[in-house]
Amino acid sequence: MRQSRFLMRTLRQDPGDADTASHRLMLRAGMMMQVVAGVYSYLPLALRSLNKIEAIIREEMNAADGQEVRMPALQPLELWQQTKRDEALGPILFRLRDRRERELVLGPTHEEVITSIAKAHVSSYRDLPLNLYQIQTKFRDEPRPRAGLMRGREFDMKDAYSFHADAESLDVTYKRMVQAYRNVFRRCGLPTLAVEADSGAIGGKDSHEFIMPADSGEDTVLRCPNCDYAANAERAHSVKAKAPEGEPRPLEKVSTPGVQAIPALAAFLDVPDRQTLKTVFYKADGRTVLVVIRGDLQVNEVKLKNYLKARDLRMATTEESRAAGLTPGYTSPIGASGASVLADESVTQGNNFVVGANEEGFHCRNANYPRDFTADAVLDIALAEAGQGCPRCGGVLEAVRGVEVGHVFKLGTAYSTALNATFQDAAGNLHPMTMGCYGIGVTRILAAAIEQNHDDKGIIFPAPIAPFHVHLVALNADNAEVQAAAERVEARLAARGYEVLYDDRVESAGVKFNDADLLGLPVRVVVSPRNLKQNVVEIKRRRDEKGELAGFDALESKVAELLDKDRLQAVPRTPPAPTWPLDVAAPD
Ligand code: ATP
Ligand code: MG
């Protein structure tokens, strides 16, 4: 492909509104164009790369016995009402009406549609297991589209769904899919951590996310450097430092004028933070909920939301607190009425806590559970944080930020029950099918791969997903001898199956080299009048500082050698994944 004819306009300057390296570089290299917030046109460079990512995913899905299907983006709202996910997803769901006023949605995911396919095709246990996948466009009205392809409102996903007669069969497929995901990410040049994840509103049994470590990521993973524990912070467990224990003393009201925040309160009364309790007042779908937790810990709102099965959870406003008879800043579980009280398990461990008195300017010392207050439920509702203990081995947890590139769930029978997708067992009894689902962000992988593989000059494409293999740069491209030699190089590489972007533009060497570095194809071949005099070309890997001169007869073998080196070396700028956290054999 001749660059002079190729739809690609590079930018010298960073675009002002790009918030991450991959977003900035994809715009600068002319890979894509924004159409409206979170929606992009993929120009030839991006599309070539996306097609390669898709091909890798297809190979791995087919190898895991997946069968490819394609479901529609346009779906009837009724289907979503049957599983109540129209409510669960809320404003994320794009809705529209057709000319007959029928309500439709643009699919954000496809559990409902695939379950109706399985329902129509599976009747007996002999038809199971079944593993179906598609690569398709998804629509989500994300509250904050950001970072280019990382979080779009229209994006491509590979979503797979498996159907089984029982949990054991699901286990087998789940492990195969996890392994397939590992293969996909490795082949795309992405180091990932497989971590335990929250299974969300629908609630399945097991769920794992594949997180690519990156400072710009929105997810936090807690992992133990000592053992193989790794979990998304939303769902992680941890061992917290113990609160002081002692004989319960009588409850005592103390004056604490103007002292509200936990550190100030602890200092004022000369107790450690972990000997205080705080009471947080929430509104969950209109209900009022008081959460009591130790002062040094934070409420994990994802755990809370899941426990309450709430669609909408937020902290109550000062006005709402007052209206409920509470005194903001001095809120107390003691004597709380009219709201359900949930206690984190931390409040039941330790004695003589300091807690609000529900009276302006006063706290109580020596509050003890359950003597002075009780709760409707006691549960693990605290956010796990770096520095706390690993729940498996007691090591010290550390935090890693990252981007979620894939997510696998054991769904169980939630959808098959809601949609009545059943099969007959050997005795003729009907059961709902057991399901798994498996998602990979195809467009997000491209952004994540660039986030992971770049330097200050531009992108460094991992060879398997690069839009072209070779950037052939002709210097003094208006020189007839250079042209003839470059065309020969292009033809010879093409004959070997290499994809070549031939920079035939009449531009300065500086402009050409800058563009080549920005675009970051794995191997650059330079033809110049000076090289021609010696009958050589310069060949350089984008990852290397320096190139080397090679005679024409060594052209193909040198390119092959460098691409191979790249394939084997591809990646980690961040440390490799820790030991494999699932009980399947570690790859390679
Ligand atoms: P996130 O937590 O990032 O919002 P999610 O948990 O909602 O993602 P899933 O429903 O698990 O996402 O979707 C499967 C995969 O699709 C994700 O692992 C991610 O790679 C990709 N994905 C999800 N939302 C987006 C988006 N808005 N833009 C691009 N890719 C996305
Ligand atoms: Mg997810």
Side-chain angles (χ1 to χ4, degrees), residues 85 88-90 92 108-109 140 142-144 146-147 150-151 178 181 192-224 228-240 280 282-285 289 291 293-294 296-315 342 344-346 377 379-392 396-412 414 437-441 444 448 577-578 581-582:
R85 280 221 296 183
L89 288 162
I92 289 267
T109 171
R140 294 185 183 182
E142 298 275 2
R144 279 175 298 281
R146 64 177 283 274
M150 287 281 195
R151 184 169 298 283
V178 162
Y181 272 41
T192 54
L193 301 170
V195 310
E196 289 178 16
D198 174 55
S199 38
I202 274 290
K205 232 175 90 228
D206 277 328
S207 167
H208 288 87
E209 280 170 355
F210 293 80
I211 304 273
M212 181 203 72
D215 291 339
S216 61
E218 292 177 62
D219 284 271
T220 303
V221 169
L222 291 177
R223 69 172 181 190
C224 176
D228 58 9
Y229 183 74
N232 192 311
E234 287 177 347
R235 113 110 195 206
H237 298 284
S238 64
V239 181
K240 283 103 186 168
V280 196
Y282 283 97
K283 283 278 182 191
D285 296 341
V289 181
V291 177
I293 188 167
R294 235 169 56 189
D296 61 321
L297 305 176
Q298 308 302 324
V299 176
N300 180 332
E301 295 186 353
V302 172
K303 285 184 186 170
L304 179 61
K305 201 169 163 184
N306 287 348
Y307 174 77
L308 295 170
K309 298 202 175 2
R311 186 160 57 106
D312 187 39
L313 178 82
R314 60 173 175 82
M315 267 201 238
L342 299 179
D344 178 60
E345 55 195 23
S346 58
L379 47 149
D380 170 11
I381 214 167
L383 199 64
E385 290 176 278
Q388 296 171 345
C390 167
R392 287 207 190 135
V396 181
L397 293 177
E398 41 179 58
V400 182
R401 283 195 78 73
V403 176
E404 176 196 320
V405 283
H407 197 166
V408 295
F409 282 85
K410 286 186 184 169
L411 289 173
C437 80
Y438 318 86
I440 288 187
R444 189 179 280 185
L582 295 169

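The figures here come from the full heavy-atom set of this structure, side chains too, leaving out hydrogens, waters and symmetry mates.
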Pro391 versus Val239, closest heavy-atom pair with distance: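 It is CA-CG2, 4.0 Å.
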Nearest atoms (heavy-atom pairs only) where Thr220 meets Ala399: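 That closest heavy-atom pairing would be CG2-CB, 4.1 Å.
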Measuring only between side-chain heavy atoms, which start at C-beta, is [X] closer than 4.5 Å to [Y]?
X: Arg235; Y: Val302; value: no
X: Leu342; Y: Leu304; value: yes
X: Met150; Y: Val403; value: yes
X: Arg223; Y: Val400; value: yes
X: Lys240; Y: Ser346; value: no
X: Val178; Y: Tyr438; value: no
X: Val408; Y: Cys437; value: no

Spatial distance of atom [atom1] ([X]) from atom [atom2] ([Y]) [nearest 0.5 Å]:
X: Leu308; Y: Tyr282; atom1: CG; atom2: OH; result: 10.0 Å
X: Gln388; Y: Leu383; atom1: CD; atom2: CG; result: 8.0 Å
X: Glu385; Y: Gln298; atom1: CD; atom2: CD; result: 5.5 Å
X: His237; Y: Cys390; atom1: NE2; atom2: SG; result: 11.5 Å
X: Ile211; Y: Leu193; atom1: CD1; atom2: CG; result: 7.5 Å
X: Cys224; Y: Glu398; atom1: SG; atom2: CD; result: 8.0 Å

[X] (side chain) donor-acceptor with [Y] (main chain) under 3.5 angstrom:
X: Arg140; Y: Ile92; value: no
X: Arg311; Y: Ala88; value: no
X: Arg444; Y: Glu404; value: yes
X: Asp312; Y: Asp285; value: no
X: Tyr181; Y: Glu209; value: no
X: Asp206; Y: Lys410; value: no
X: Asn232; Y: Val221; value: no

Results of side chain to side chain contact (heavy atoms under 4.5 Å, CB included) for Lys305 - residues two or more places apart only: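 Lys305: side chain to side chain contact (heavy atoms under 4.5 Å, CB included) contacts with Ala310, Leu313.
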Partner residues of Asp215 under the side chain to side chain contact (heavy atoms under 4.5 Å, CB included) criterion, sequence neighbours left out: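 Result, side chain to side chain contact (heavy atoms under 4.5 Å, CB included) vs Asp215: none returned.
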Run the salt-bridge test on [X] and [Y] with the 4.0 Å N-O cut-off and return the result as yes or no.
X: Arg146; Y: Glu218; value: yes
X: Lys303; Y: Asp380; value: yes
X: Arg392; Y: Glu196; value: yes

CA sep, side-chain torsions, deciding dist, call: Phe210, His208, ring pair (Phe, Tyr, Trp, His ring centres under 6.0 Å): CA-CA 7 Å; Phe210 293 80; His208 288 87; 7.7 Å; no
Non-neighbouring partners of Arg314 that pass salt bridge (Lys or Arg N to Asp or Glu O under 4.0 Å), sequence neighbours left out: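 If we apply the salt bridge (Lys or Arg N to Asp or Glu O under 4.0 Å) test to Arg314, skipping adjacent residues, the hits are Glu320.
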Verdict with reasoning, Leu222 to Tyr229, per side-chain contact (heavy atoms from CB on, under 4.5 Å): CA-CA 8 Å; Leu222 291 177; Tyr229 183 74; 5.6 Å; no
Trace of the side-chain contact (heavy atoms from CB on, under 4.5 Å) decision for Glu345 with Leu379: CA-CA 5 Å; Glu345 55 195 23; Leu379 47 149; over 6 Å; no
Step-by-step side-chain contact (heavy atoms from CB on, under 4.5 Å) determination, Val299 to Asp344: CA-CA 8 Å; Val299 176; Asp344 178 60; over 6 Å; no
